[in-house]
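By convention in this document, chain letters (A, B, ...) are assigned in the order of the sequence lines, proteins followed by strands, and residues within each chain are numbered from 1. Note that the structure is predicted; figures quoted are calculated from it, not measured. Values below: all heavy atoms of this structure, side chains included; hydrogens, waters and symmetry mates excluded.
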Number of protein chains: 2
Amino acid sequence: MAKGAGKISKPVTEEAGSPRRSPCPVSCALDLFGDRWTLLIIRDLFLGRSRFKDFTASPEGIPTNILSDRLERLLEAGIVQQIPVADGSKRMAYELTEKGSDLRRVLISMRNWGLKWEPGTRAGLDE
Amino acid sequence: MAKGAGKISKPVTEEAGSPRRSPCPVSCALDLFGDRWTLLIIRDLFLGRSRFKDFTASPEGIPTNILSDRLERLLEAGIVQQIPVADGSKRMAYELTEKGSDLRRVLISMRNWGLKWEPGTRAGLDE
DNA sequence: CATTTTACTTGCAAATCGCAAGTTAAAAAA
DNA sequence: TTTTTTAACTTGCGATTTGCAAGTAAAATG
């Protein structure tokens with residue numbers, strides 16, 4: 001794992017099965033993507049970006065160690081998966097799993113809220 | 001401001017008007033509540049909790065210094081406001097503004113996602 | 001007035017962040 | 001095939017943030 005990148009935070013228990021703060025689906029979701037960067041990676045995936053470099057090119061400028069850590073975490077959570085960029089290539093592209101694609105509603109509601117309440121914001125993601 | 005609690009993170013510029021990483025409504029929203037605790041406070045507000053002590057009583061166990069910091073930040077963002085708990089009382093209750101109430105869709109989509117994909121989670125928030 | 005409750009603040013060690021630089025393997029070019 | 005470039009990370013490290021525990025002061029209660 002990427003050193004110096006760190007987890008989002010430490011859940012209460014570390015044993016397999018329940019590293020959760022509570023059984024609340026919201027807190028559980030936040031344990032997975034409750035930080036400033038993870039949903040931006042997922043946004044980028046919805047926008048068609050798929051390579052490590054694509055994510056670093058986004059305007060928010062995610063540091064590469066954070067990106068490494070978050071991608072690893074998303075893979076572990078089954079929200080993204082990897083496939084070869086071309087047939088037989090060793091280079092991998094990231095893409096959303098069904099679990100990840102199901103975050104569309106979350107992204108869209110956040111986008112809509114931001115567009116309504118934060119002046120000067122502009123959308124990139126379509127319905 | 002609560003010392004030792006800290007901001008969620010430092011945006012690029014600190015001058016009034018644009019402490020944003022990008023004009024993306026999602027990244028802008030994450031600048032306001034992209035952390036592990038803020039949306040849990042908002043969830044609690046939707047659930048009818050309104051006092052400092054109520055928030056600390058939630059099962060996730062938010063530390064009081066973090067709670068202070070997040071409430072201050074939410075007030076500053078116009079997502080929550082304060083009113084006296086009783087007429088003439090000095091004690092204040094927190095409640096969602098219209099801007100805050102508009103986060104209902106975000107909370108609900110996160111809840112639905114969690115319920116669908118994270119086994120063992122249970123809902124508390126109604127539609 | 002004494003006690004309890006509420007709403008915080010403070011201190012501090014540990015964890016995380018984010019910048020900059022370094023590394024390595026794969027791909028492309030020559 | 002050798003060289004060059006690009007992609008995808010990793011590492012180091014200072015600064016910031018987190019979270020636990022303890023302390024405090026004002027308000028409410030008895």
Side-chain angles (χ1 to χ4, degrees), chain A residues 1-14 19 21-22 27 30-31 33-38 40-41 44 49-75 80 82-94, chain B residues 1-14 19 21-22 27 30-31 33-38 40-41 44 49-75 80 82-94:
Chain A
M1 147 130 73
K3 233 208 65 184
K7 309 290 187 127
I8 293 170
S9 186
K10 274 282 169 48
V12 175
T13 61
E14 195 58 40
R21 292 178 286 170
S22 84
S27 96
L30 291 172
D31 283 337
F33 50 77
D35 74 312
R36 249 161 41 92
W37 295 110
T38 305
L40 294 183
I41 297 170
D44 283 354
R49 292 163 193 147
S50 62
R51 306 286 295 273
F52 192 95
K53 191 171 177 274
D54 297 332
F55 304 129
T56 67
S58 282
E60 294 85 10
I62 186 170
T64 57
N65 55 340
I66 304 285
L67 178 55
S68 277
D69 178 75
R70 297 302 189 270
L71 285 172
E72 193 175 352
R73 178 175 282 267
L74 286 170
L75 285 167
V80 307
Q82 288 178 309
I83 47 156
V85 291
D87 205 50
S89 172
K90 300 265 177 81
R91 292 276 167 87
M92 293 292 188
Y94 296 91
Chain B
M1 146 132 68
K3 233 207 68 186
K7 309 290 189 130
I8 292 170
S9 186
K10 275 281 170 46
V12 175
T13 61
E14 195 58 39
R21 291 178 287 170
S22 85
S27 95
L30 291 172
D31 284 338
F33 50 77
D35 75 313
R36 248 159 43 93
W37 295 109
T38 305
L40 294 184
I41 297 170
D44 283 352
R49 292 162 194 149
S50 63
R51 305 285 295 274
F52 192 94
K53 193 170 176 276
D54 297 333
F55 305 130
T56 66
S58 282
E60 293 84 11
I62 185 171
T64 56
N65 56 340
I66 304 285
L67 177 55
S68 276
D69 178 75
R70 297 302 190 271
L71 286 172
E72 193 175 354
R73 180 175 279 266
L74 287 170
L75 284 167
V80 307
Q82 287 177 310
I83 48 157
V85 292
D87 204 51
S89 172
K90 299 265 176 80
R91 290 278 166 87
M92 292 292 186
Y94 296 92

To the nearest angstrom, how far is [X] atom [atom1] from [N] atom [atom2]?
| X | N | atom1 | atom2 | value |
| --- | --- | --- | --- | --- |
| B:D87 | D:dA28 | CG | C1' | 16 Å |
| B:R36 | C:dT16 | CZ | C1' | 12 Å |
| A:L71 | D:dA7 | CG | C1' | 13 Å |
| B:I66 | C:dT10 | CD1 | C1' | 14 Å |
| A:D35 | D:dT18 | CG | P | 12 Å |
| B:D69 | D:dG19 | CG | P | 11 Å |
| B:L67 | D:dT17 | CG | P | 18 Å |
| A:L75 | D:dA8 | CG | C1' | 14 Å |

Contact class for A:T56 (heavy atom, under 4.0 Å): base, sugar-phosphate, or nothing? nothing
Identify all pairs in which a protein N or O lies below 3.5 Å from an N or O of nucleotides 28-30 of chain C, and state each distance.
none

State which residues pass side-chain contact (heavy atoms from CB on, under 4.5 Å) with [X]; sequence neighbours excluded, sorted by chain then number.
| X | answer |
| --- | --- |
| A:S50 | A:D54, A:A93 |
| B:R91 | B:R51, B:V85, B:S89 |
| B:P63 | B:W37, B:N65, B:I66 |
| A:T64 | A:F52, A:T56 |

At what distance, to the nearest 0.5 angstrom, does [atom1] of [X] lie from [atom2] of [Y]?
| X | Y | atom1 | atom2 | result |
| --- | --- | --- | --- | --- |
| B:S22 | A:E60 | OG | CD | 3.5 Å |
| B:R21 | A:S58 | CZ | OG | 11.0 Å |
| A:L30 | B:T38 | CG | OG1 | 9.0 Å |

Within the sub-3.5 Å range, which N or O atoms of nucleotides 20-24 of chain C have a protein N or O partner, and how far apart are they?
none

Contact list (N/O, under 3.5 angstrom) for nucleotides 2-6 of chain C vs protein:
from	atom 1	to	atom 2	distance (Å)
C:dT6	OP2	B:K53	NZ	3.1
C:dT6	O4'	B:R91	NH1	3.1
C:dT6	O3'	B:R51	NH2	3.2

Take B:L67 and B:I41, measure what side-chain contact (heavy atoms from CB on, under 4.5 Å) needs, and give me the verdict at the end. CA-CA 8 Å; B:L67 177 55; B:I41 297 170; 3.6 Å; yes
List the steps, then state whether side-chain contact (heavy atoms from CB on, under 4.5 Å) holds for A:L71 with A:Q82. CA-CA 10 Å; A:L71 285 172; A:Q82 288 178 309; over 6 Å; no
Assuming nearest nucleotide by heavy-atom distance, tell me which of A:G88 and A:W37 is located more 5' along DNA chain C. A:W37
Tell me, with the steps shown, if A:L40 and A:I62 meet side-chain contact (heavy atoms from CB on, under 4.5 Å). CA-CA 9 Å; A:L40 294 183; A:I62 186 170; over 6 Å; no
B:S68 side chain N/O closer than 4.0 Å to the phosphate oxygens (OP1, OP2) of C:dC8? no
Are any of A:Y94's side-chain N or O atoms less than 4.0 Å away from OP1 or OP2 of D:dC9? yes
If you apply the rule side-chain contact (heavy atoms from CB on, under 4.5 Å), what do you find for A:I83 with A:M92, and how did you get there? CA-CA 5 Å; A:I83 47 156; A:M92 293 292 188; 5.6 Å; no
Compute the bend angle of the helix from C:dC1-D:dG30 to C:dA30-D:dT1 from the end axes (five pairs per end), rounded to 10°. 30°
Any salt bridge linking A:R36 with B:D31? Criterion: basic side-chain nitrogen under 4.0 Å from a carboxylate oxygen. yes
